[in-house]
Amino acid sequence: MSQHLPRSTPRRRFLHQGGLALAALGNSGPLRALAQAGQTLTIAYHVDLPSWDPTVGPSAVNPTIQSLYKAVFSQFIDQNADLGLKPDLLSAWGWNADKTKVSLTVRSGAKWHDGSPVTAEDVAWSLRRAADAKTGNPIQFLWAKLGNIQAQGNTVTADVKEYEPALFKWMAFLTGYVLPKAYYEKVGAAGFEKAPIGCGPYQVLEFVQGSHLKLGAFKDYFGPKPAFDSVLIKFTTDPSARVAELQSGRSDLTLEVPFEEATRLKGLGFGTSVAPVSDIGMIFLTNVEPMLNDKVRQALALAIDKKGLANKLLKGQVKAIDTLQAPGYAAYDASITAPFDPKKAAALMAEAGYSPAKPLKFKVQTTRGFKPKDFEVMQAVAGMWKAIGAEVELEVYEVAKHFELRAQHKLAPAAFYNWGNAIGDPSTSTGFAMFSHSPHSAWKDPKGLDAMIGPLWGEKDEAKRIAGYKAVDKYIAANALVIPLFQYSQTVVWRKGLKFAPHGAGFVLPQAVGKA
């Protein structure tokens with residue numbers, strides 16, 4: 001689920017008090033000097049920030065920018081580095097005995113960035129708003145499973161209209177943010193975009209879309225005090241530019257650089273982390289020609305040497321996978337495989353009427369520089385496909401365009417994408433990626449997949465639910481309805497004098513970066 005803006009999107013600029021001194025400075029001069037300031041942390045970030053409402057629109061389901069949201073806003077529930085749940089604005093949560101009601105305890109003493117107190121009504125209003133189809137929450141149908149949401153004292157209660165097994169996991173996941181009711185209703189959606197406030201560790205001082213974001217530590221934050229008084233986020237979408245930012249001293253930390261660059265920088269004395277995360281590199285297949293041909297899909301899947309790509313292009317730092325469940329996910333099943341078999345792939349293409357002399361031609365979309373070697377991987381895949389009789393045109397797009405096309409069901413027949421699943425639940429990988437009614441699916445299969453996935457959404461028997469998703473994954477692999485490639489490792493590199501620990505969800509949180 002990750003993105004940044006198309007290049008045609010106009011930049012938005014706003015300033016808060018305290019950020020005026022940075023107006024119109026760009027990425028040089030005083031901004032460069034900030035990387036050297038002891039109380040300012042400068043991060044070269046790999047995507048832009050499209051929107052400031054973390055609960056509506058395509059940005060809300062973009063895992064890549066959640067680190068920025070989590071610096072400013074608090075969620076109902078937070079996650080530890082091992083993906084386990086921990087308190088955030090909620091200090092306690094749970095079901096009643098028959099799972100027909102939920103009860104949420106709101107922590108005391110939290111404040112919004114304007115100084116007003118966070119109340120249980122803010123939490124209740126945020127849940128009611130998320131459940132309202134009119135607000136544009138992209139997973140509204142999930143939040144709508146709660147009804148009669150009421151606040152009393154420091155407690156919020158709700159009726160369970162439809163059981164959702166991953167409800168509390170979602171409260172720590174996409175769109176699970178608490179917003180300030182009074183402030184939002186006063187300024188409206190447009191006003192909130194211009195001047196967002198949350199109750200997280202940092203408040204927004206300045207934002208210039210396509211350029212940078214300046215954050216200041218919030219003195220009344222209820223959690224641990226961050227190590228840095230201010231943070232400068234530079235939106236730097238080119239990986240070579242991110243490396244240059246770090247080496248030149250203009251930035252203190254960066255992420256998602258090529259693995260060989262991380263190794264080189266480590267040799268120069270930079271701190272590095274290359275750790276597995278819950279992201280999956282995959283090729284979406286869209287149920288349009290030529291993917292409606294079973295033999296073509298199966299041939300394309302069999303022709304990809306995932307292990308070779310992982311070892312050669314990605315330096316052995318990713319794990320080849322054959323389902324949308326990565327190791328560590330609740331429904332991961334290592335017995336489900338889609339082997340590399342180029343001879344069988346060529347034979348299937350021949351049966352479908354294609355060969356290198358008479359190639360099948362279609363378009364393939366891919367990002368470039370968003371994940372390490374993403375474009376190069378797809379170039380290599382195109383070469384493997386050409387060998388069996390599939391001649392493809394590679395089109396580079398930004399992830400924001402992927403979201404737009406996917407929502408309209410207009411992706412190319414094959415499209416590379418990075419799927420983030422911070423909570424490791426099968427419903428948030430296979431379920432949302434493959435259920436035809438999901439806004440995130442490319443393959444629409446009402447009679448096959450939907451019939452298998454549909455009953456699992458509300459399954460109360462956890463063992464039965466997990467077994468059901470494993471059966472779905474086996475069906476998907478056998479029919480080549482999507483092509484999983486890798487479980488990624490994330491590269492993070494930082495200058496001397498900093499401390500950084502990897503997070504299983506791939507979060508690079510400014511508030512979690514310390515001083516050595």
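- Shown here for Asp53 and Tyr69, the closest heavy-atom pair between the two residues is O-OH, 3.9 Å.
- Note: Asp252 CG to Trp494 CH2 = 13.0 Å, rounded to the nearest 0.5 Å.
- Although no hydrogens or angles enter the test, the distance criterion places no donor-acceptor pair under 3.5 Å between the side chain of Ser116 and the main chain of Trp112.
- With Tyr397 as reference, His402 is the one residue of Gln365, Glu404, Arg368, His402 to meet the side chain to side chain donor-acceptor pair (under 3.5 Å) rule.
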List the steps, then state whether side-chain contact (heavy atoms from CB on, under 4.5 Å) holds for Leu174 with Gln66.
-> CA-CA 8 Å; Leu174 304 174; Gln66 301 304 308; 3.6 Å; yes
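- The salt bridge (charged side-chain N to carboxylate O under 4.0 Å, His left out) search around Asp279 returns Lys371, not counting sequence neighbours.
- A donor-acceptor pair under 3.5 Å is formed between the side chain of Gln209 and the backbone N or O of Leu49.
- Tyr45 and Glu245 share no donor-acceptor pair across their side chains, judged by distance under 3.5 Å alone.
- With respect to Lys401 and Glu398, no salt bridge is recorded, no charged nitrogen being found less than 4.0 Å from a carboxylate O.
- For the atom pair OG1 (Thr105) and CG (Leu90), the distance works out to 8.0 Å, reported to the nearest 0.5 Å.
- If you take OG1 on Thr272 and CZ on Phe259, they are separated by 12.0 Å, rounding to the nearest 0.5 Å.
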Criterion side-chain contact (heavy atoms from CB on, under 4.5 Å) on Lys111 and Phe222, from CA distance to verdict | CA-CA 8 Å; Lys111 291 184 179 181; Phe222 58 82; over 6 Å; no
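- At least one donor-acceptor pair under 3.5 Å links the side chain of His113 to the backbone N or O of Tyr202.
- With 3.5 Å as the limit, one finds a donor-acceptor pair spanning the side chains of Asp122 and Thr119.
- Judged by distance alone, with hydrogens and angles left aside, the side-chain atoms of Asp333 form a donor-acceptor pair with the main-chain N or O of Ser335 at under 3.5 Å.
- To the nearest 0.5 Å, atoms CG (Leu142) and CG (Leu167) are separated by 6.5 Å.
- Judged by distance alone, the side chains of Thr135 and Asn137 never bring a donor and an acceptor atom under 3.5 Å apart.
- Look at Arg465 and Asp425 and you find a salt bridge, because one of the NZ, NE, NH1 or NH2 atoms lies within 4.0 Å of a carboxylate O, short of that distance.
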Take Leu213 and Val204 through the test side-chain contact (heavy atoms from CB on, under 4.5 Å) and record every step on the way to the result.
-> CA-CA 8 Å; Leu213 164 66; Val204 178; 4.0 Å; yes
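- Remark: the backbone N or O of Gly57 is not paired with any side-chain donor or acceptor of Ser59 at under 3.5 angstrom.
- For the pair Lys515 and Phe228, the cation sits on the ring face: its NZ or CZ lies under 6.0 Å from the ring centre, inside 45° of the axis.
- If you take NZ on Lys70 and CD on Gln79, they are separated by 6.5 Å, rounding to the nearest 0.5 Å.
- Atom-to-atom distance recorded for Asp322:CG and Thr337:OG1 is 6.0 Å, nearest 0.5 angstrom.
- Arg242 contributes a side-chain N or O that, together with a main-chain N or O of Leu255, makes up a donor-acceptor pair within less than 3.5 Å.
- By the 30° and 60° cut-offs, the orientation of the rings of Phe192 relative to Tyr184 is tilted.
- Between Lys312 and Glu376 there is no salt bridge, since none of the side-chain N atoms of the basic residue sits less than 4.0 Å from a carboxylate O of the acidic one.
- In this structure, Asn421 and Thr428 approach most closely via the heavy-atom pair OD1-OG1, 2.6 Å.
- Across all their heavy atoms, Ile321 and Pro327 have their closest contact at CG2-CD, 4.2 Å.
- Listed here is the closest heavy atom pair of Pro484 and Lys306: O-NZ, 2.7 Å.
- Counting heavy-atom neighbours within 6.0 Å of Lys266 NZ, excluding the residue itself, gives a total of 12 or less.
- A donor-acceptor contact shorter than 3.5 Å links the side chain of Gln140 to the backbone of Ala131.
- A donor-acceptor pair under 3.5 Å is formed between the side chain of Asp238 and the backbone N or O of Ser240.
- The one candidate from Phe76, Trp143, Phe432 that meets the ring-ring contact (aromatic ring centres under 6.0 Å, His included) condition with Trp170 is Phe432.
- Side chain of Gln490 to main chain of Gly506: a donor-acceptor pair is present (N/O by atom type, distance under 3.5 Å, no hydrogens or angles).
- A donor-acceptor contact shorter than 3.5 Å is absent between the side chain of Ser74 and the backbone of Asp88.
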Dump the intermediate steps for side-chain contact (heavy atoms from CB on, under 4.5 Å) on Val472 and Met434, then the final yes or no.
-> CA-CA 10 Å; Val472 171; Met434 305 304 297; 5.8 Å; no
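- Taking the six-membered ring where tryptophan is involved, the planes of Phe207 and Phe235 are perpendicular, since the angle between them exceeds 60° and thus also 30°.
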